[in-house]
2 protein chains.
Amino acid sequence: MKIYRKAFLPKGFQASAVASGIKRSKKLDMALFYCQEPAKCACKFTTNKILAAPVKINKEYLKNNRQFQAVIVNSGNANCFTGEVGLRDARNTSIYIAEALGLRKESVLVASTGIIGKRLPLAKIKQAIPKLVSGLSIRGIDQAKEAILTTDAFTKEITVRFLIGSRMVTVCAVAKGAGMIAPQMATMLCFIFTDAAITQLALDTALKLAVDNSFNCITVDGCMSTNDSVILLANAKAANKTIDTGKNFNCFSRALNIVCLELAKLIVRDAEGASKFIRIEVDGAKSFAQARAVALSIANSNLFKTAVYGENPNFGRIVASVGASGIEVKEEDLKIKLGPLHKKEVDVYVNIKRGSASATVYTSDLTPEYIKINAGYN
Amino acid sequence: MKIYRKAFLPKGFQASAVASGIKRSKKLDMALFYCQEPAKCACKFTTNKILAAPVKINKEYLKNNRQFQAVIVNSGNANCFTGEVGLRDARNTSIYIAEALGLRKESVLVASTGIIGKRLPLAKIKQAIPKLVSGLSIRGIDQAKEAILTTDAFTKEITVRFLIGSRMVTVCAVAKGAGMIAPQMATMLCFIFTDAAITQLALDTALKLAVDNSFNCITVDGCMSTNDSVILLANAKAANKTIDTGKNFNCFSRALNIVCLELAKLIVRDAEGASKFIRIEVDGAKSFAQARAVALSIANSNLFKTAVYGENPNFGRIVASVGASGIEVKEEDLKIKLGPLHKKEVDVYVNIKRGSASATVYTSDLTPEYIKINAGYN
């Protein structure tokens, strides 16, 4: 298995980007990801009860079919809390792209990130489409990965390659997210492209596993976005023996895990205002879910996060947040190890001696800089 | 009903305080509350799964009886995460006081607040007891209310008086808590004294109602303490017709609600580093619990709290945190009103149009000052 810290689109995928004017900064703000043939699709969306219009539209499309050929993304406007008109705007964006690409309806997924509660400037989007379509190329990923960003300080990208039999399979992904903490913006988006031949069930299962261990194991401020989306397209162009279960599934699943976990960690590293990268491992739980719940309870404790910022080895705050998780733990069973705090990377290990499951959660410290960034207008 | 912003102990109660040396600052750090005759007792404790030793001891005592005559409190050391020796120290403190007051065993409740994970200096406590006992007086409440504080900027106290028939009933309370945010300390303590004659069931019911609407409706940083305790003693000295159900219960319950809510608000006002007092009313819920869950989800959102600090009317963050509460809400039903943000007191009103229940939660903004205070050693 080879890992590259750069996005290389697999066979059959193209991308492009433009500056449509949604962002006042005139930076790239629309990205188009295109697959020349219909690709199998697996998605994971936010569990927030208020869903942005693009998430609603995708969910509607996914009820009817699981084959898609494109994803259209805009940054600068989340198209959230925009009511019926927002739904219409998201659907129309998808239809315009399908028409421009000569695709059937409902084959283009949508994603948005940016300000909540403002209508999408549909005229600007419409105007940008010809250039998006004509600009499609395998190299276009280099612009597309920039166009999906908002307050991110750097691009998040990765490619993993591995063999199935004699066939080389590629999994490539780009992501957006600066810890869900940007002013008036709060989104994690991830687009994953693979040329693997794989059954729908195997694709869904692998994505669920990978997201559970990565994007669902990071937190910056515990705030849950209305737009979070992970979209995975698989076009079978590698012509490998179709991945179903067994050894080949494990191989694909491992690659997808690496892709998602590395991008998730990059999002935490980009958390605005953060000065430390914190790794919290909880062991001795009855299940992965229980271990993660304890780890997230620590990771979301403002008192713990400020103590790490202050390089203050305050294990009382860890104890209190373990207990606050609601998991039955006994004081006498609790084992806590806290690594050196003067380093940029801080490790916390907690054993609750209830079982043998473990989970690792990644977070950042809470700093005055975080407040300054999030208090400001934008 | 008369409300006094000062503690006046009801008939039959006395208090005292000393500086025992637990606090390095040499400030008052032990308080004794005493009732000349056995009083009925109702208590509410933290739901944190890690309990401090004094909370464990009180729970043990309350299994065997519901009549108590004293509460011994120390500040500066939470006696939490102190294992078997911590339990022994808490029990011994209670026993020493019972002996000094000539009371039977298990008639003295205990409370501690301060640093977690350090053993209680039992010798200092023992040495302080004669002075605590000899100093008991009705005026002693003025020192006792100081002695229970840690990083609080001011005392929290209130007295409510009302008539039942021709008898004047008094409910007096003192509390400690600066938003559960002090360095290495994290506690809310409240001691309530009344001369009402009341049945045990009515006392328990009234306290549960009052705490649900007050201390369980405030949050500063969402961090849950291991020591939180509300202890209520009722000695029947007012000689009123015993409160059971009906009109008299409502009267007592209303008084207790006022006492708890005013003290809870004072704790939020004392939240260290806070610059704003935020009132969040959620209406149109199916139940009080649902309304409170939505309000707390907003109140615990770091993004919302920093926006209020920055006087940034970001209703997107309110929308996202309503959805993050997990309560089924429809975007089109959601009604949000945000009061002017340049004021010291900020009002948020949210209607979710699911029913007719409401709840009000109080919180503070999140400021760089909060981080500075909580990052430091102490």
Side-chain angles (χ1 to χ4, degrees), chain A residues 46-51 78 80-84 115-117 180-181 183-186 221-226 300-304 306-312 314-317 319-329 331-332 334 366-378, chain B residues 46-51 78 80-84 115-117 180-181 183-186 221-226 300-304 306-312 314-317 319-329 331-332 334 365-377:
Chain A
T46 178
T47 57
N48 197 302
K49 295 293 178 184
I50 301 284
L51 295 177
C80 179
F81 210 57
T82 43
E84 279 303 319
I115 194 160
I116 291 180
M180 296 155 274
I181 64 157
Q184 300 187 327
M185 300 177 196
D221 52 20
C223 293
M224 184 197 277
S225 149
T226 50
N300 282 324
S301 160
N302 282 355
L303 287 175
F304 165 71
T306 49
V308 173
Y309 165 69
E311 303 188 348
N312 176 350
N314 188 322
F315 83 110
R317 293 182 185 177
V319 171
S321 55
V322 168
S325 72
I327 308 294
E328 294 291 344
V329 280
E331 182 185 324
E332 58 271 29
L334 208 53
L366 182 57
T367 68
E369 199 55 28
Y370 169 93
I371 313 254
K372 279 178 211 155
I373 291 167
N374 284 289
Y377 281 82
N378 217 24
Chain B
T46 179
T47 57
N48 197 303
K49 295 294 176 182
I50 301 284
L51 296 177
C80 178
F81 209 57
T82 43
E84 279 303 319
I115 194 160
I116 291 180
M180 293 156 276
I181 64 158
Q184 302 187 326
M185 300 177 195
D221 52 18
C223 293
M224 182 198 277
S225 150
T226 50
N300 282 325
S301 160
N302 282 355
L303 287 175
F304 165 72
T306 49
V308 173
Y309 165 68
E311 303 187 348
N312 177 351
N314 188 324
F315 83 111
R317 292 180 185 177
V319 171
S321 56
V322 169
S325 72
I327 308 293
E328 294 292 343
V329 280
E331 182 186 324
E332 57 272 27
L334 208 54
D365 57 345
L366 182 57
T367 69
E369 199 55 28
Y370 169 93
I371 313 253
K372 279 178 211 153
I373 291 166
N374 283 289
Y377 282 83

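Throughout, a chain's letter reflects where its sequence line sits, starting with A, and its residues are numbered from 1. Side chains are part of it too, since the values below use all heavy atoms of this structure and drop only hydrogens, waters and symmetry mates.
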Would you say CD of Glu84(B) has more than 12 non-hydrogen atoms from neighbouring residues, nucleotides or ligands within 6.0 angstrom?
no

For chain B, which of Leu366(A), Asn300(A), Thr46(A) has the most heavy-atom pairs under 4.5 Å?
Leu366(A)

Just give me the residue among Ser325(B), Pro368(B), Ala78(B), Gly316(B) that pairs up with chain A most often, heavy atom to heavy atom, under 4.5 Å.
Pro368(B)

Ranked by heavy-atom pairs below 4.5 Å to chain A, first place among Val308(B), Asn302(B), Ile50(B) goes to Asn302(B)

Side chain from CB out, backbone as N, CA, C, O: work out which of these in Glu331(A) comes under 4.5 Å of a heavy atom of chain B, or both, or neither.
both

How long is the span from the CG atom in Asn314(A) to the CD1 atom in Ile116(B), to the nearest 0.5 Å?
7.5 Å

Sorted by chain and residue number, the ring pair (Phe, Tyr, Trp, His ring centres under 6.0 Å) partners of Phe304(B) (sequence neighbours excluded) come out as none

What residue in Thr47(B), Val322(B), Leu334(B) has the most heavy-atom pairs under 4.5 Å with chain A?
Leu334(B)

Residues in ring pair (Phe, Tyr, Trp, His ring centres under 6.0 Å) contact with Tyr309(A), at least two apart in sequence or another chain
none

